[in-house]
Protein chains: 2
Amino acid sequence: MGRPASLSRASIIAAAALLVREQGVAALTARRLGEALGCDPTAVYRHFATMADLEREVGDRFLRAVDVRPRAGEGWRATTRRICVTLRRVQLRQPRLAALISAAPTRLANEMRITEALLRELARGGCSYTHAAASYHALIELAVGSAAIDAPIAAQPAAVRRRLYGEWRREYAKLPFARFPASVATSDQLYRGSAGDRFEAALDLLLDGIESRCSTR
Amino acid sequence: MGRPASLSRASIIAAAALLVREQGVAALTARRLGEALGCDPTAVYRHFATMADLEREVGDRFLRAVDVRPRAGEGWRATTRRICVTLRRVQLRQPRLAALISAAPTRLANEMRITEALLRELARGGCSYTHAAASYHALIELAVGSAAIDAPIAAQPAAVRRRLYGEWRREYAKLPFARFPASVATSDQLYRGSAGDRFEAALDLLLDGIESRCSTR
DNA sequence: TCAGTTTGTCAACAGTGTTGACAAACTGGC
DNA sequence: GCCAGTTTGTCAACACTGTTGACAAACTGA
(Lines give C-alpha, C1' and ligand atoms only; values in the text may rest on other atoms or scores of the structure.)
Protein backbone atom coordinates (compact mmCIF):
# COMPACT_ATOMS: atom_id res chain seq x y z
CA MET A 1 0.00 0.00 0.00
CA GLY A 2 1.10 3.53 -0.58
CA ARG A 3 3.13 5.12 -3.29
CA PRO A 4 5.61 2.60 -4.69
CA ALA A 5 9.11 3.14 -3.38
CA SER A 6 11.83 3.88 -5.91
CA LEU A 7 14.31 4.01 -3.04
CA SER A 8 15.03 1.45 -0.35
CA ARG A 9 17.34 1.22 2.63
CA ALA A 10 19.55 -1.16 0.70
CA SER A 11 19.79 1.00 -2.42
CA ILE A 12 20.51 4.09 -0.35
CA ILE A 13 23.22 2.31 1.64
CA ALA A 14 24.77 1.05 -1.58
CA ALA A 15 24.78 4.52 -3.14
CA ALA A 16 26.17 6.04 0.05
CA ALA A 17 28.93 3.42 0.23
CA LEU A 18 29.84 4.09 -3.38
CA LEU A 19 29.92 7.81 -2.71
CA VAL A 20 32.21 7.31 0.26
CA ARG A 21 34.44 4.93 -1.62
CA GLU A 22 34.85 7.25 -4.59
CA GLN A 23 34.86 10.69 -3.01
CA GLY A 24 35.66 10.11 0.64
CA VAL A 25 33.49 10.31 3.69
CA ALA A 26 33.20 14.09 3.51
CA ALA A 27 31.09 13.63 0.38
CA LEU A 28 28.43 11.76 2.30
CA THR A 29 25.93 14.59 2.70
CA ALA A 30 22.21 14.58 2.19
CA ARG A 31 22.41 16.79 -0.86
CA ARG A 32 25.18 14.92 -2.65
CA LEU A 33 23.53 11.63 -1.86
CA GLY A 34 20.28 12.92 -3.34
CA GLU A 35 22.14 13.90 -6.46
CA ALA A 36 23.77 10.46 -6.71
CA LEU A 37 20.40 8.80 -6.26
CA GLY A 38 18.65 11.17 -8.64
CA CYS A 39 16.11 12.20 -6.05
CA ASP A 40 15.48 14.96 -3.59
CA PRO A 41 17.98 15.01 -0.70
CA THR A 42 15.26 14.81 1.91
CA ALA A 43 13.87 11.58 0.47
CA VAL A 44 16.59 9.81 2.44
CA TYR A 45 14.80 10.82 5.63
CA ARG A 46 11.91 8.53 4.69
CA HIS A 47 14.27 5.58 5.20
CA PHE A 48 16.71 6.78 7.86
CA ALA A 49 15.88 8.93 10.85
CA THR A 50 19.12 10.90 10.63
CA MET A 51 22.21 10.99 8.47
CA ALA A 52 24.17 9.51 11.39
CA ASP A 53 21.93 6.43 11.23
CA LEU A 54 22.77 5.99 7.60
CA GLU A 55 26.46 6.45 8.32
CA ARG A 56 26.36 3.64 10.87
CA GLU A 57 24.94 1.30 8.28
CA VAL A 58 27.50 2.34 5.70
CA GLY A 59 30.22 1.79 8.27
CA ASP A 60 29.02 -1.72 9.02
CA ARG A 61 28.81 -2.43 5.30
CA PHE A 62 32.51 -1.70 4.95
CA LEU A 63 33.17 -4.30 7.64
CA ARG A 64 31.99 -6.97 5.21
CA ALA A 65 35.53 -6.89 3.87
CA VAL A 66 36.89 -8.36 7.11
CA ASP A 67 37.42 -12.08 6.60
CA VAL A 68 37.25 -13.81 9.97
CA ARG A 69 37.57 -17.45 8.91
CA PRO A 70 40.65 -19.13 10.38
CA ARG A 71 42.95 -20.42 7.67
CA ALA A 72 44.20 -23.98 7.57
CA GLY A 73 46.83 -24.57 10.23
CA GLU A 74 46.58 -21.01 11.52
CA GLY A 75 46.85 -20.76 15.31
CA TRP A 76 44.48 -18.67 17.40
CA ARG A 77 47.01 -15.91 17.81
CA ALA A 78 47.71 -15.59 14.11
CA THR A 79 44.00 -15.49 13.28
CA THR A 80 43.30 -12.94 15.98
CA ARG A 81 46.17 -10.82 14.76
CA ARG A 82 44.97 -10.99 11.15
CA ILE A 83 41.42 -10.03 12.08
CA CYS A 84 42.64 -7.02 14.04
CA VAL A 85 44.97 -5.89 11.28
CA THR A 86 42.23 -6.17 8.68
CA LEU A 87 39.70 -4.48 10.92
CA ARG A 88 41.99 -1.53 11.43
CA ARG A 89 42.77 -1.31 7.72
CA VAL A 90 39.09 -1.22 6.82
CA GLN A 91 38.23 1.34 9.49
CA LEU A 92 41.21 3.41 8.45
CA ARG A 93 39.86 4.13 5.03
CA GLN A 94 37.00 6.17 6.34
CA PRO A 95 37.94 8.46 9.22
CA ARG A 96 34.60 9.69 10.42
CA LEU A 97 32.94 6.33 9.97
CA ALA A 98 35.48 4.75 12.30
CA ALA A 99 34.60 7.26 14.97
CA LEU A 100 30.90 6.74 14.45
CA ILE A 101 30.97 2.98 14.49
CA SER A 102 33.15 2.83 17.50
CA ALA A 103 31.20 5.41 19.47
CA ALA A 104 28.75 2.71 20.43
CA PRO A 105 28.53 -0.87 19.29
CA THR A 106 26.23 -0.70 16.28
CA ARG A 107 25.21 -4.29 16.85
CA LEU A 108 24.80 -4.57 13.12
CA ALA A 109 25.52 -7.73 11.19
CA ASN A 110 29.22 -7.40 10.48
CA GLU A 111 30.18 -6.05 13.84
CA MET A 112 28.58 -9.07 15.49
CA ARG A 113 30.36 -11.38 13.09
CA ILE A 114 33.75 -9.91 14.00
CA THR A 115 33.01 -9.94 17.72
CA GLU A 116 32.06 -13.61 17.53
CA ALA A 117 35.23 -14.46 15.62
CA LEU A 118 37.52 -12.70 18.09
CA LEU A 119 35.85 -14.31 21.11
CA ARG A 120 36.01 -17.67 19.36
CA GLU A 121 39.74 -17.36 18.72
CA LEU A 122 40.45 -16.20 22.27
CA ALA A 123 38.54 -19.23 23.57
CA ARG A 124 40.59 -21.40 21.25
CA GLY A 125 43.67 -19.89 22.84
CA GLY A 126 42.52 -21.10 26.23
CA CYS A 127 41.26 -17.83 27.67
CA SER A 128 38.73 -17.96 30.46
CA TYR A 129 35.45 -16.15 29.77
CA THR A 130 36.57 -13.26 31.92
CA HIS A 131 39.94 -13.01 30.26
CA ALA A 132 38.45 -13.42 26.80
CA ALA A 133 36.08 -10.51 27.38
CA ALA A 134 38.85 -8.29 28.75
CA SER A 135 41.14 -9.23 25.87
CA TYR A 136 38.39 -8.63 23.33
CA HIS A 137 37.79 -5.13 24.66
CA ALA A 138 41.54 -4.45 24.69
CA LEU A 139 41.97 -5.60 21.08
CA ILE A 140 39.00 -3.57 19.85
CA GLU A 141 40.12 -0.44 21.66
CA LEU A 142 43.57 -0.72 20.18
CA ALA A 143 42.48 -1.61 16.64
CA VAL A 144 39.58 0.80 16.28
CA GLY A 145 41.24 3.50 18.36
CA SER A 146 44.38 3.25 16.29
CA ALA A 147 42.29 3.60 13.15
CA ALA A 148 40.55 6.65 14.50
CA ILE A 149 43.88 8.24 15.33
CA ASP A 150 45.72 7.39 12.15
CA ALA A 151 42.90 7.97 9.69
CA PRO A 152 43.51 11.64 8.93
CA ILE A 153 47.13 10.99 8.07
CA ALA A 154 46.34 7.80 6.19
CA ALA A 155 44.23 9.96 3.88
CA GLN A 156 47.41 11.64 2.65
CA PRO A 157 49.51 10.09 -0.12
CA ALA A 158 52.31 7.79 1.02
CA ALA A 159 55.05 10.23 0.02
CA VAL A 160 53.49 13.00 2.10
CA ARG A 161 53.16 10.67 5.07
CA ARG A 162 56.83 9.69 4.92
CA ARG A 163 57.85 13.32 4.66
CA LEU A 164 55.70 14.19 7.68
CA TYR A 165 57.15 11.38 9.78
CA GLY A 166 60.65 12.53 8.87
CA GLU A 167 59.84 16.10 9.83
CA TRP A 168 58.47 15.03 13.18
CA ARG A 169 61.52 12.92 13.92
CA ARG A 170 63.76 15.87 13.17
CA GLU A 171 61.65 18.11 15.38
CA TYR A 172 62.03 15.75 18.32
CA ALA A 173 65.76 15.58 17.64
CA LYS A 174 66.05 19.37 17.79
CA LEU A 175 64.38 19.78 21.17
CA PRO A 176 66.53 21.31 23.94
CA PHE A 177 68.36 18.38 25.50
CA ALA A 178 68.19 19.80 29.02
CA ARG A 179 64.43 19.57 29.22
CA PHE A 180 63.80 16.72 26.77
CA PRO A 181 66.67 14.24 27.16
CA ALA A 182 64.60 11.11 26.55
CA SER A 183 62.84 12.58 23.50
CA VAL A 184 66.10 13.64 21.91
CA ALA A 185 67.74 10.30 22.62
CA THR A 186 64.80 8.35 21.24
CA SER A 187 63.95 10.72 18.38
CA ASP A 188 65.69 8.53 15.84
CA GLN A 189 63.30 5.67 16.62
CA LEU A 190 60.06 7.66 16.77
CA TYR A 191 57.62 7.48 13.88
CA ARG A 192 59.74 4.85 12.16
CA GLY A 193 58.08 2.84 9.40
CA SER A 194 54.40 3.15 8.56
CA ALA A 195 51.53 3.70 10.96
CA GLY A 196 50.50 0.16 10.08
CA ASP A 197 53.88 -1.17 11.20
CA ARG A 198 53.60 0.69 14.48
CA PHE A 199 50.10 -0.66 15.03
CA GLU A 200 51.25 -4.21 14.38
CA ALA A 201 54.08 -3.78 16.85
CA ALA A 202 51.60 -2.51 19.44
CA LEU A 203 49.28 -5.39 18.65
CA ASP A 204 52.10 -7.89 19.17
CA LEU A 205 52.91 -6.39 22.55
CA LEU A 206 49.26 -6.60 23.56
CA LEU A 207 48.98 -10.17 22.29
CA ASP A 208 52.07 -11.04 24.35
CA GLY A 209 50.25 -9.76 27.40
CA ILE A 210 47.05 -11.57 26.51
CA GLU A 211 48.81 -14.86 25.80
CA SER A 212 50.78 -14.74 29.03
CA ARG A 213 47.51 -14.89 30.95
CA CYS A 214 46.04 -17.77 28.98
CA SER A 215 46.08 -21.29 30.36
CA THR A 216 47.52 -23.00 27.27
CA ARG A 217 50.83 -21.53 26.36
CA MET B 1 51.60 50.00 15.98
CA GLY B 2 48.09 49.54 14.75
CA ARG B 3 44.79 49.51 16.49
CA PRO B 4 45.26 48.23 20.05
CA ALA B 5 44.21 44.61 20.45
CA SER B 6 41.44 43.90 22.92
CA LEU B 7 41.80 40.21 22.09
CA SER B 8 44.88 38.00 22.19
CA ARG B 9 45.64 34.38 21.41
CA ALA B 10 45.82 33.65 25.11
CA SER B 11 42.52 35.33 25.99
CA ILE B 12 40.77 33.59 23.10
CA ILE B 13 42.15 30.19 24.10
CA ALA B 14 41.05 30.79 27.68
CA ALA B 15 37.54 31.77 26.62
CA ALA B 16 37.36 28.81 24.25
CA ALA B 17 38.51 26.41 26.96
CA LEU B 18 35.91 27.78 29.35
CA LEU B 19 33.24 27.42 26.70
CA VAL B 20 34.22 23.81 26.10
CA ARG B 21 34.39 23.04 29.78
CA GLU B 22 30.96 24.50 30.50
CA GLN B 23 28.97 23.65 27.43
CA GLY B 24 30.87 20.86 25.72
CA VAL B 25 32.99 20.83 22.63
CA ALA B 26 30.00 21.25 20.34
CA ALA B 27 29.62 24.78 21.71
CA LEU B 28 33.02 25.78 20.37
CA THR B 29 31.86 27.64 17.27
CA ALA B 30 32.98 30.98 15.93
CA ARG B 31 29.67 32.63 16.72
CA ARG B 32 29.32 31.36 20.26
CA LEU B 33 32.93 32.18 20.97
CA GLY B 34 32.37 35.71 19.69
CA GLU B 35 29.40 36.03 21.99
CA ALA B 36 31.45 34.78 24.95
CA LEU B 37 34.21 37.23 24.12
CA GLY B 38 31.83 40.08 23.50
CA CYS B 39 33.14 40.67 20.01
CA ASP B 40 32.35 39.82 16.44
CA PRO B 41 32.78 36.10 15.66
CA THR B 42 35.17 36.78 12.82
CA ALA B 43 37.57 38.68 15.06
CA VAL B 44 38.95 35.27 16.05
CA TYR B 45 40.30 34.91 12.54
CA ARG B 46 42.74 37.75 13.20
CA HIS B 47 44.49 35.47 15.71
CA PHE B 48 43.92 31.96 14.37
CA ALA B 49 43.93 30.94 10.72
CA THR B 50 41.07 28.49 11.18
CA MET B 51 38.84 27.22 13.95
CA ALA B 52 40.71 23.89 13.81
CA ASP B 53 43.92 25.73 14.73
CA LEU B 54 42.23 27.16 17.77
CA GLU B 55 40.85 23.75 18.70
CA ARG B 56 44.34 22.25 18.66
CA GLU B 57 45.51 24.88 21.12
CA VAL B 58 42.51 24.34 23.36
CA GLY B 59 43.16 20.62 23.25
CA ASP B 60 46.76 21.05 24.30
CA ARG B 61 45.66 23.38 27.06
CA PHE B 62 43.54 20.63 28.58
CA LEU B 63 46.64 18.43 28.68
CA ARG B 64 48.08 20.75 31.31
CA ALA B 65 46.08 18.71 33.80
CA VAL B 66 48.26 15.65 33.20
CA ASP B 67 50.81 15.44 35.98
CA VAL B 68 53.82 13.51 34.74
CA ARG B 69 56.11 13.78 37.75
CA PRO B 70 57.00 10.39 39.24
CA ARG B 71 55.92 10.12 42.84
CA ALA B 72 58.27 9.07 45.58
CA GLY B 73 58.99 5.36 45.43
CA GLU B 74 56.83 4.89 42.37
CA GLY B 75 58.28 2.42 39.86
CA TRP B 76 58.47 3.14 36.14
CA ARG B 77 55.51 0.93 35.42
CA ALA B 78 53.25 2.59 37.96
CA THR B 79 54.18 6.05 36.73
CA THR B 80 53.66 5.08 33.11
CA ARG B 81 50.31 3.58 33.98
CA ARG B 82 49.22 6.67 35.88
CA ILE B 83 50.21 9.01 33.06
CA CYS B 84 48.26 6.94 30.54
CA VAL B 85 45.18 6.74 32.74
CA THR B 86 45.24 10.49 33.34
CA LEU B 87 45.88 11.23 29.69
CA ARG B 88 42.89 9.16 28.67
CA ARG B 89 40.69 10.75 31.31
CA VAL B 90 41.57 14.25 30.14
CA GLN B 91 41.10 13.41 26.47
CA LEU B 92 37.85 11.69 27.29
CA ARG B 93 36.17 14.82 28.47
CA GLN B 94 36.22 16.38 25.06
CA PRO B 95 35.36 13.99 22.23
CA ARG B 96 36.20 15.98 19.16
CA LEU B 97 39.30 17.49 20.70
CA ALA B 98 40.72 14.04 21.28
CA ALA B 99 40.27 13.23 17.64
CA LEU B 100 41.82 16.50 16.57
CA ILE B 101 44.81 16.32 18.84
CA SER B 102 45.56 12.77 17.95
CA ALA B 103 45.14 13.23 14.22
CA ALA B 104 48.66 14.59 14.07
CA PRO B 105 51.06 15.35 16.86
CA THR B 106 50.38 18.98 17.68
CA ARG B 107 53.90 19.36 18.98
CA LEU B 108 52.55 21.90 21.38
CA ALA B 109 53.91 22.36 24.88
CA ASN B 110 51.92 19.83 26.85
CA GLU B 111 52.05 17.09 24.30
CA MET B 112 55.84 17.30 24.28
CA ARG B 113 55.90 17.24 28.03
CA ILE B 114 53.89 14.02 28.16
CA THR B 115 55.93 12.38 25.41
CA GLU B 116 59.13 13.16 27.28
CA ALA B 117 57.73 11.72 30.49
CA LEU B 118 56.62 8.47 28.91
CA LEU B 119 59.92 7.96 27.11
CA ARG B 120 61.76 8.77 30.34
CA GLU B 121 59.80 6.18 32.30
CA LEU B 122 60.26 3.53 29.62
CA ALA B 123 64.00 4.19 29.69
CA ARG B 124 63.91 3.87 33.46
CA GLY B 125 62.26 0.49 32.94
CA GLY B 126 65.26 -0.65 30.93
CA CYS B 127 63.77 -0.41 27.44
CA SER B 128 66.13 -0.04 24.51
CA TYR B 129 65.59 3.06 22.37
CA THR B 130 63.85 0.96 19.75
CA HIS B 131 61.61 -0.77 22.26
CA ALA B 132 60.89 2.50 24.09
CA ALA B 133 59.71 4.14 20.86
CA ALA B 134 57.54 1.15 19.93
CA SER B 135 56.09 1.01 23.44
CA TYR B 136 55.45 4.75 23.46
CA HIS B 137 53.50 4.52 20.21
CA ALA B 138 51.57 1.54 21.54
CA LEU B 139 50.65 3.31 24.78
CA ILE B 140 49.57 6.49 22.99
CA GLU B 141 47.47 4.59 20.45
CA LEU B 142 45.71 2.71 23.20
CA ALA B 143 45.18 5.68 25.53
CA VAL B 144 44.18 8.26 22.97
CA GLY B 145 42.36 5.76 20.78
CA SER B 146 40.43 4.48 23.74
CA ALA B 147 39.46 8.04 24.63
CA ALA B 148 38.30 8.72 21.09
CA ILE B 149 36.16 5.59 21.16
CA ASP B 150 34.69 6.00 24.60
CA ALA B 151 34.15 9.75 24.56
CA PRO B 152 30.61 9.82 23.13
CA ILE B 153 29.37 7.41 25.77
CA ALA B 154 31.35 9.08 28.53
CA ALA B 155 29.36 12.22 27.77
CA GLN B 156 26.23 10.45 29.06
CA PRO B 157 25.42 10.41 32.78
CA ALA B 158 26.72 7.40 34.71
CA ALA B 159 23.28 5.88 35.18
CA VAL B 160 22.61 5.96 31.45
CA ARG B 161 25.98 4.37 30.74
CA ARG B 162 25.32 1.51 33.13
CA ARG B 163 21.91 0.93 31.61
CA LEU B 164 23.41 0.89 28.11
CA TYR B 165 26.10 -1.61 29.09
CA GLY B 166 23.45 -3.85 30.63
CA GLU B 167 21.33 -3.67 27.50
CA TRP B 168 24.26 -4.59 25.31
CA ARG B 169 25.15 -7.55 27.51
CA ARG B 170 21.59 -8.82 27.26
CA GLU B 171 21.62 -8.37 23.52
CA TYR B 172 24.73 -10.51 23.18
CA ALA B 173 23.14 -13.11 25.45
CA LYS B 174 20.07 -13.31 23.22
CA LEU B 175 21.94 -13.99 20.00
CA PRO B 176 21.19 -17.31 18.26
CA PHE B 177 23.58 -19.80 19.84
CA ALA B 178 24.15 -21.73 16.62
CA ARG B 179 25.84 -18.82 14.89
CA PHE B 180 27.21 -16.95 17.90
CA PRO B 181 28.29 -19.55 20.45
CA ALA B 182 31.29 -17.63 21.76
CA SER B 183 29.37 -14.34 22.05
CA VAL B 184 26.55 -15.97 23.97
CA ALA B 185 28.94 -17.82 26.27
CA THR B 186 30.97 -14.69 26.97
CA SER B 187 28.06 -12.24 27.04
CA ASP B 188 27.98 -12.18 30.80
CA GLN B 189 31.52 -10.81 30.90
CA LEU B 190 31.22 -8.24 28.12
CA TYR B 191 30.94 -4.55 28.96
CA ARG B 192 31.47 -5.29 32.65
CA GLY B 193 32.42 -2.39 34.86
CA SER B 194 33.15 1.07 33.52
CA ALA B 195 34.91 1.95 30.29
CA GLY B 196 37.72 3.19 32.49
CA ASP B 197 38.04 -0.22 34.12
CA ARG B 198 38.18 -1.90 30.74
CA PHE B 199 40.83 0.54 29.57
CA GLU B 200 42.94 -0.08 32.65
CA ALA B 201 42.68 -3.83 32.09
CA ALA B 202 43.80 -3.35 28.49
CA LEU B 203 46.62 -1.10 29.64
CA ASP B 204 47.79 -3.74 32.11
CA LEU B 205 47.86 -6.37 29.38
CA LEU B 206 49.86 -4.04 27.15
CA LEU B 207 52.24 -3.17 29.98
CA ASP B 208 52.74 -6.89 30.58
CA GLY B 209 53.81 -7.23 26.98
CA ILE B 210 56.05 -4.17 27.17
CA GLU B 211 57.68 -5.26 30.41
CA SER B 212 58.37 -8.76 29.14
CA ARG B 213 60.62 -7.28 26.47
CA CYS B 214 62.55 -5.02 28.82
CA SER B 215 65.99 -5.96 30.05
CA THR B 216 65.37 -5.34 33.74
CA ARG B 217 62.52 -7.39 35.02
C1' DT C 1 49.76 65.82 10.09
C1' DC C 2 49.66 61.87 7.36
C1' DA C 3 50.67 57.29 5.64
C1' DG C 4 50.71 52.63 7.10
C1' DT C 5 49.38 48.87 9.92
C1' DT C 6 46.74 46.33 12.91
C1' DT C 7 42.33 44.84 14.44
C1' DG C 8 37.50 44.51 15.10
C1' DT C 9 32.80 44.89 12.46
C1' DC C 10 29.60 43.75 9.09
C1' DA C 11 27.35 41.53 5.23
C1' DA C 12 27.51 37.73 2.55
C1' DC C 13 28.55 33.05 0.54
C1' DA C 14 28.43 28.29 0.33
C1' DG C 15 27.80 24.68 2.77
C1' DT C 16 25.40 21.50 6.48
C1' DG C 17 21.23 18.60 8.77
C1' DT C 18 16.49 18.68 9.40
C1' DT C 19 11.33 19.88 9.43
C1' DG C 20 6.63 20.57 7.78
C1' DA C 21 3.42 21.24 4.12
C1' DC C 22 2.11 19.28 -0.15
C1' DA C 23 1.30 16.12 -3.94
C1' DA C 24 1.84 11.89 -6.46
C1' DA C 25 0.80 7.04 -6.55
C1' DC C 26 -0.33 3.12 -4.89
C1' DT C 27 -3.83 -0.56 -1.90
C1' DG C 28 -7.92 -2.18 0.60
C1' DG C 29 -12.81 -1.72 1.37
C1' DC C 30 -17.25 -0.56 -0.21
C1' DG D 1 -15.35 2.02 -10.11
C1' DC D 2 -14.54 4.99 -6.64
C1' DC D 3 -12.97 6.82 -2.42
C1' DA D 4 -10.20 6.83 1.91
C1' DG D 5 -5.88 5.95 3.76
C1' DT D 6 -1.04 5.30 3.51
C1' DT D 7 3.40 5.62 1.79
C1' DT D 8 6.88 8.22 -0.44
C1' DG D 9 9.20 11.73 -2.99
C1' DT D 10 9.35 17.07 -3.69
C1' DC D 11 9.91 21.64 -2.33
C1' DA D 12 10.73 25.71 0.45
C1' DA D 13 12.52 27.10 4.52
C1' DC D 14 15.00 27.28 9.08
C1' DA D 15 18.88 27.38 11.90
C1' DC D 16 23.14 26.36 11.94
C1' DT D 17 28.35 26.04 10.40
C1' DG D 18 33.24 28.05 8.74
C1' DT D 19 35.16 31.52 6.11
C1' DT D 20 36.07 35.72 3.04
C1' DG D 21 36.40 40.53 1.53
C1' DA D 22 35.28 45.26 2.12
C1' DC D 23 35.29 48.74 5.50
C1' DA D 24 36.34 51.58 9.50
C1' DA D 25 38.38 52.55 13.91
C1' DA D 26 42.59 53.36 16.35
C1' DC D 27 46.93 53.27 17.00
C1' DT D 28 52.57 54.25 15.55
C1' DG D 29 56.48 56.05 13.09
C1' DA D 30 57.99 59.51 9.81
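Just the heavy atoms: all of them, side chains too, but no hydrogens, waters or symmetry mates, feed the values below. Chain A is the first sequence line, chain B the second, and so forth, proteins listed ahead of strands; every chain is numbered from 1.
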From the set [options], return the single nucleotide nearest to any side-chain atom of [X].
X       : options                : result
B:Arg46 : D:dT20, D:dC11, D:dC23 : D:dC23
B:Arg32 : D:dT17, C:dG17, C:dA11 : D:dT17
A:Leu7  : D:dT19, D:dG9, C:dG8   : D:dG9
A:His47 : C:dA12, C:dG8, D:dG9   : D:dG9
B:Ala43 : C:dT18, D:dG18, C:dT9  : C:dT9

| query | With no hydrogens and no angle check, is any side-chain donor or acceptor of B:Asp204 less than 3.5 Å from a backbone partner on B:Ala201? | reply | no

| Whether A:Asp60 side chain and A:Glu57 backbone form a donor-acceptor pair below 3.5 Å | no

| task | Measure across B:Leu119 and A:Ser183 and return the closest heavy-atom pair with its distance rounded to 0.1 Å. | result | CD1-CA, 3.8 Å

If I take atom [atom1] in residue [X] and atom [atom2] in nucleotide [N], what distance separates them, rounded to the nearest angstrom?
X       : N      : atom1 : atom2 : answer
B:Phe48 : C:dT7  : CZ    : C1'   : 15 Å
A:Asp40 : C:dA21 : CG    : C1'   : 13 Å
A:Leu37 : D:dT8  : CG    : P     : 15 Å
A:Ile12 : D:dT8  : CD1   : C1'   : 11 Å
B:Arg9  : C:dT6  : CZ    : P     : 16 Å
B:Glu35 : D:dC16 : CD    : P     : 11 Å
A:Leu33 : D:dG9  : CG    : C1'   : 14 Å
B:Met51 : D:dT20 : CE    : P     : 13 Å

| said: Assuming nearest nucleotide by heavy-atom distance, tell me which of A:Pro41 and B:Tyr45 is located more 5' along DNA chain D. | reply: A:Pro41

| query | Under 4.0 angstrom, heavy atoms only, what part of the nucleic acid is B:Thr42 near: base, sugar-phosphate, or nothing? | reply | base

| task | Select base, sugar-phosphate, or nothing to describe what A:Ser6 touches, counting heavy atoms under 4.0 Å on all strands. | result | sugar-phosphate

| query | Does A:Asp150 pair with A:Arg88 as a salt bridge, N-O distance under 4.0 Å? | reply | yes

| note | Nearest-nucleotide check on DNA chain C, A:Thr50 vs B:Ser8; residue mapping nearer the 5' end is B:Ser8

| Donor-acceptor pair present, A:Arg31 side chain and C:dG15 base, under 3.5 Å | no

| request: Could you please name the partner base of C:dA23, counting Watson-Crick and G-U wobble pairs only when both distances are under 3.5 Å? | output: D:dT8

| Does the gap between the ring centers of B:Phe199 and A:His137 come in under 6.0 Å? | no

